[in-house]
There are 8 protein chains.
Amino acid sequence: VDNFKVLVCMGSSSDWNIMKDAVSILKEFSVNVDYQVLSAHRCPEEMLQMGKTAHEKGYQIIIAGAGGAAHLPGMLASASPLPVIGVPIKATHLDGMDSLLSIVQMPKGVPVATVGINKANNAALLAVKILATQSDPLRDKIIQYKAELKKKSHAQQSDLIF
Amino acid sequence: VDNFKVLVCMGSSSDWNIMKDAVSILKEFSVNVDYQVLSAHRCPEEMLQMGKTAHEKGYQIIIAGAGGAAHLPGMLASASPLPVIGVPIKATHLDGMDSLLSIVQMPKGVPVATVGINKANNAALLAVKILATQSDPLRDKIIQYKAELKKKSHAQQSDLIF
Amino acid sequence: VDNFKVLVCMGSSSDWNIMKDAVSILKEFSVNVDYQVLSAHRCPEEMLQMGKTAHEKGYQIIIAGAGGAAHLPGMLASASPLPVIGVPIKATHLDGMDSLLSIVQMPKGVPVATVGINKANNAALLAVKILATQSDPLRDKIIQYKAELKKKSHAQQSDLIF
Amino acid sequence: VDNFKVLVCMGSSSDWNIMKDAVSILKEFSVNVDYQVLSAHRCPEEMLQMGKTAHEKGYQIIIAGAGGAAHLPGMLASASPLPVIGVPIKATHLDGMDSLLSIVQMPKGVPVATVGINKANNAALLAVKILATQSDPLRDKIIQYKAELKKKSHAQQSDLIF
Amino acid sequence: VDNFKVLVCMGSSSDWNIMKDAVSILKEFSVNVDYQVLSAHRCPEEMLQMGKTAHEKGYQIIIAGAGGAAHLPGMLASASPLPVIGVPIKATHLDGMDSLLSIVQMPKGVPVATVGINKANNAALLAVKILATQSDPLRDKIIQYKAELKKKSHAQQSDLIF
Amino acid sequence: VDNFKVLVCMGSSSDWNIMKDAVSILKEFSVNVDYQVLSAHRCPEEMLQMGKTAHEKGYQIIIAGAGGAAHLPGMLASASPLPVIGVPIKATHLDGMDSLLSIVQMPKGVPVATVGINKANNAALLAVKILATQSDPLRDKIIQYKAELKKKSHAQQSDLIF
Amino acid sequence: VDNFKVLVCMGSSSDWNIMKDAVSILKEFSVNVDYQVLSAHRCPEEMLQMGKTAHEKGYQIIIAGAGGAAHLPGMLASASPLPVIGVPIKATHLDGMDSLLSIVQMPKGVPVATVGINKANNAALLAVKILATQSDPLRDKIIQYKAELKKKSHAQQSDLIF
Amino acid sequence: VDNFKVLVCMGSSSDWNIMKDAVSILKEFSVNVDYQVLSAHRCPEEMLQMGKTAHEKGYQIIIAGAGGAAHLPGMLASASPLPVIGVPIKATHLDGMDSLLSIVQMPKGVPVATVGINKANNAALLAVKILATQSDPLRDKIIQYKAELKKKSHAQQSDLIF
């Protein structure tokens with residue numbers, strides 16, 4: 001898995017509290033990860049440049065989190081041949097519905113793989129599942145991860161104290 | 001008003017049916033207008049280049065219409081020192097609510113002047129009001145336009161046939 | 001920029017906590033600003049009178065914030081030839097969606113330049129961008145402001161502590 | 001009931017198709033009714049003047065229909081001591097939700113009696129119920145009207161053909 | 001105003017915190033008021049009985065507050081020839097949108113005069129405005145109340161401390 | 001199954017087009033069914049009387065369909081010890097969301113078993129599933145019905161003509 | 001009532017705080033109840049197996065609570081001939097609207113009896129009402145329970161302290 | 001690209017009209033594709049079995065479209081180590097919002113890569129982008145596809161006939 005590398009980026013450092021979950025998961029699966037603030041609205045040219053060149057820098061996948069009028073995932077998807085996973089982040093109002101619609105409702109030709117509101121962890125798991133399509137060891141880890149989810153779910157039974 | 005020039009752009013030619021209302025209004029006020037398809041998602045670099053240089057090309061205002069995950073107005077606003085007026089266009093689903101939220105909920109530092117769903121005509125009138133802040137003849141035209149709106153409103157009374 | 005003057009008004013002093021951000025930004029750009037409570041529902045005649053005369057009092061732009069059934073921006077826009085920027089303020093319920101729709105969905109002929117929920121700061125920046133269409137020094141300040149936004153965005157990178 | 005008079009007004013003649021239902025109902029109950037186009041956004045001063053003087057002109061109740069950023073009912077309520085009944089009219093988008101919120105979410109001190117979307121008939125019935133609080137004959141008519149509703153409801157049973 | 005009497009009822013005592021505002025306002029205008037818990041879902045027959053007889057008990061108006069699937073106002077309106085004012089109360093979820101739609105979207109023939117979410121005070125003011133259609137002293141009080149609202153609005157200016 | 005009987009009722013004959021699906025399904029399962037118009041708002045007392053006595057009339061289940069401020073299911077549930085299944089019917093606006101919330105958001109103590117918008121067929125299937133808890137032959141029919149659904153689903157494969 | 005048994009299950013132990021209300025109510029009515037964590041997404045096969053066999057294990061009804069993309073109730077309904085009652089649980093965002101729609105909008109053929117957001121108590125009462133269709137003693141308890149609700153509602157009157 | 005294979009499945013043949021767009025795009029990129037009706041609610045066991053074994057059958061990616069309470073994508077994601085791309089399909093009501101929330105709001109551990117409402121074409125393009133992470137020729141095709149999108153966007157300019 002050494003040759004896998006994922007870019008986790010976000011519109012603002014205020015998104016870090018959510019987006020670091022993605023980094024944790026990727027590290028848990030031993031996937032290389034870089035993370036950075038990359039604002040579509042404050043650094044549009046760098047953002048576009050990153051989109052255009054990310055695949056040349058060795059990234060296989062881009063995970064992008066943003067809130068409100070969340071343009072970052074869609075703009076990276078427009079510039080990059082890589083799959084872009086978008087994380088709608090709940091900003092100050094509307095409980096993340098604005099971010100969700102801004103990210104998921106992309107026009108024909110420019111998809112963003114959208115996960116649930118604030119679900120950066122799921123964005124990372126999706127990235128791992130994508131990488132696992134070309135790595136049997138990673139697929140095995142995914143299958144094992146699922147087995148552990150199941151075990152934890154069983155263990156929750158003991159929390160049901162009436 | 002000869003030195004005024006507004007750029008009307010839209011994400012796709014399918015938006016033209018709505019956006020040409022903006023061109024009509026601007027022509028009605030004798031404001032120079034250029035119009036073009038400029039897709040944030042299909043031509044991001046040209047789009048950004050236009051954003052960066054529009055003020056150097058003699059434009060005072062950009063009007064941008066887009067539907068769905070409507071990134072065009074916000075991305076132009078991120079690149080340009082000009083005021084950008086955004087027109088949320090009803091795409092195939094959600095009755096324009098996705099476009100509205102994608103355009104209006106911009107982060108601190110990068111405003112888009114958003115008008116109502118499909119209200120390209122109002123975007124143009126807002127542009128004229130903006131230009132009129134530096135042109136007394138244009139302001140007079142605005143005042144006259146309002147007087148005509150009032151007259152037409154009065155005339156509607158005769159349509160109320162019971 | 002000495003001849004520029006913006007009116008910031010709001011439906012109630014309870015909106016001041018949000019609306020003073022607009023005043024801060026305008027002062028930061030050395031734009032003259034007056035601010036006042038001006039209730040469409042409690043002082044409709046004064047409000048309309050202000051709308052009708054604001055341009056004669058030397059204002060170029062009106063910024064109006066209101067919550068709930070937020071009529072202030074639209075009513076000022078109906079009375080004034082000036083561009084009116086509306087700030088939807090989150091009132092007690094519905095997270096500002098009521099204010100947003102009441103402000104943005106104006107009928108043909110009477111536009112309000114709507115910004116995001118509680119985004120009084122962006123209303124002021126939009127006002128500055130509008131004024132900058134007739135002032136090269138102000139445009140330069142805008143360009144510089146954008147450069148600083150970019151710098152701050154870069155600086156946020158150091159906040160990403162894993 | 002000869003001294004009762006209701007004003008039915010609407011923002012545009014395009015609302016007449018809905019609002020004439022209110023006129024029909026009022027006539028059915030032999031309540032005097034005037035109806036007119038009265039645009040909050042195109043004729044704000046006349047509108048306010050009407051609001052201020054309607055009670056002096058012999059009206060007991062104002063019914064106001066409007067769509068989109070529907071300010072007419074609220075502005076009349078702000079100007080008039082009379083009860084104002086608001087009819088949210090479905091405009092082009094959002095299925096009347098914008099009109100509903102613009103009308104119903106009025107601030108403390110300035111109520112609008114809001115009925116369902118496009119329910120001008122119910123606005124008129126509400127007006128009749130209000131007038132009936134001071135007229136026993138009108139109350140009897142209301143009670144009779146309810147009895148007829150019940151009878152018609154019973155009669156619908158024969159429409160259930162399986 | 002001695003012969004005026006308003007019934008304020010609510011689905012549960014948990015609504016009292018909101019609904020007592022209605023009682024306060026009515027007392028402020030010296031309108032007689034009774035208030036009671038009257039649950040459409042727990043005491044449907046009493047509720048209907050009250051609806052049927054309220055006008056015989058000397059009430060001119062019913063104000064009814066309810067949350068969630070808020071059936072109380074509509075059911076009283078179905079039973080009573082009196083005008084019913086409905087107050088949508090924010091229950092545990094959905095920020096009052098469920099209550100608002102359950103109250104305002106009544107079918108043809110059975111209107112409820114709906115006010116804003118949790119706006120029991122406005123329900124009472126609407127009741128006073130309704131009663132004032134048959135009482136000049138009450139109308140004068142309404143006009144005076146509006147003048148005080150205006151004065152208070154002016155006074156808020158001093159709260160705008162930058 | 002001869003002793004099973006279900007009451008299908010609806011607020012208006014305009015709901016019949018949807019509600020007859022429920023009757024069809026019940027007949028398909030040889031469950032006795034009566035159907036009638038029963039308006040909560042136009043015949044509240046009969047409606048309540050039916051709620052109170054339905055179980056004495058031999059009904060095991062009530063299915064109630066209504067649109068807009070859909071009070072029928074909840075009011076029947078308040079009066080009856082029987083399980084009430086509510087069908088939110090799309091009325092003129094808001095695509096059935098108003099009906100759904102009016103039916104499903106019932107207060108503690110008075111549940112309504114809500115099915116999807118316009119899904120009268122599912123209401124009937126739910127009724128059959130409920131009756132099947134006390135009838136092995138009916139349970140077998142349900143199991144067979146599910147087997148046929150599966151078969152039909154398989155058969156759809158041949159419709160996928162590329 | 002000894003032969004009645006209800007299964008209460010939930011997607012995660014974090015739902016227990018809500019779902020235990022269902023257990024309380026069932027015990028209050030002396031209905032046997034088992035409860036368990038049963039995740040559609042983490043243990044899909046066990047979940048399906050439970051759905052397929054619950055009726056053989058002596059359960060008459062399944063109550064299932066889940067939040068977000070709440071698939072548990074619908075998947076159990078797809079596998080089981082038993083009536084399934086779904087409880088939409090408010091997860092982290094969107095105030096339970098996502099859970100509600102995921103549970104209630106089931107396709108033709110596979111109904112879920114949906115109750116209000118977080119209303120596990122009502123799910124249990126619905127289960128009791130369903131069981132009472134085959135038990136006169138249970139029906140009597142339901143009628144008595146309703147009588148107590150009425151009594152408590154009356155008692156709330158004393159809480160209205162002005 | 002011969003060893004790439006994608007499974008396109010859908011809840012019902014009524015989704016085919018949308019989902020065949022995915023098949024078209026995949027064929028356009030010479031990616032092998034199988035397509036089938038696979039109902040989570042009508043054939044839950046086959047569906048789960050397919051989820052569990054799809055990776056063994058040589059699929060790299062699953063694309064699943066569903067409407068209403070759209071459980072198919074999430075259930076497949078729960079069973080499969082493969083990345084699952086979900087297409088929310090507009091069913092009869094709510095304009096696809098129910099499908100969108102049912103698909104995107106998955107719990108931690110079980111991501112679905114969600115695309116826009118009815119955007120099966122984008123689901124396929126996302127699949128191609130994912131496969132391209134392990135195929136330089138496919139990446140080149142993606143880059144070429146983007147170039148053609150740009151060209152088509154330019155060509156639309158000639159459609160703007162004023």
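In the text below, chain A, chain B and the rest are named by the order of the sequence lines, each starting its count at 1. Here the structure is a predicted model, which means the values were calculated and not measured.
- For H:L94, the part sitting under 4.5 Å from any heavy atom of chain G is the side chain, from C-beta outward, and nothing else.
- Among the residues in residues 41-52 of chain H, those with a non-hydrogen atom closer than 4.5 angstrom to a non-hydrogen atom of chain G are H:H41, H:R42, H:P44, H:E45, H:M47, H:L48, H:K52.
- Annotation: residues 72-80 of chain H contacts chain G through H:G74, H:M75, H:S78 [non-hydrogen atoms, separation under 4.5 Å].
- Heavy-atom distances place the backbone of G:A70, and not its side chain, under 4.5 Å from chain H.
- Ranked by non-hydrogen atom pairs under 4.5 Å with chain H, the options G:A40, G:S39, G:G11 are led by G:A40.
- Between chain G and the residues H:V110, H:L100, H:I103, the most heavy-atom pairs under 4.5 angstrom are made by H:V110.
- Distance OG/H:S102 to NE2/G:H71: 5.5 Å, rounded to 0.5 Å.
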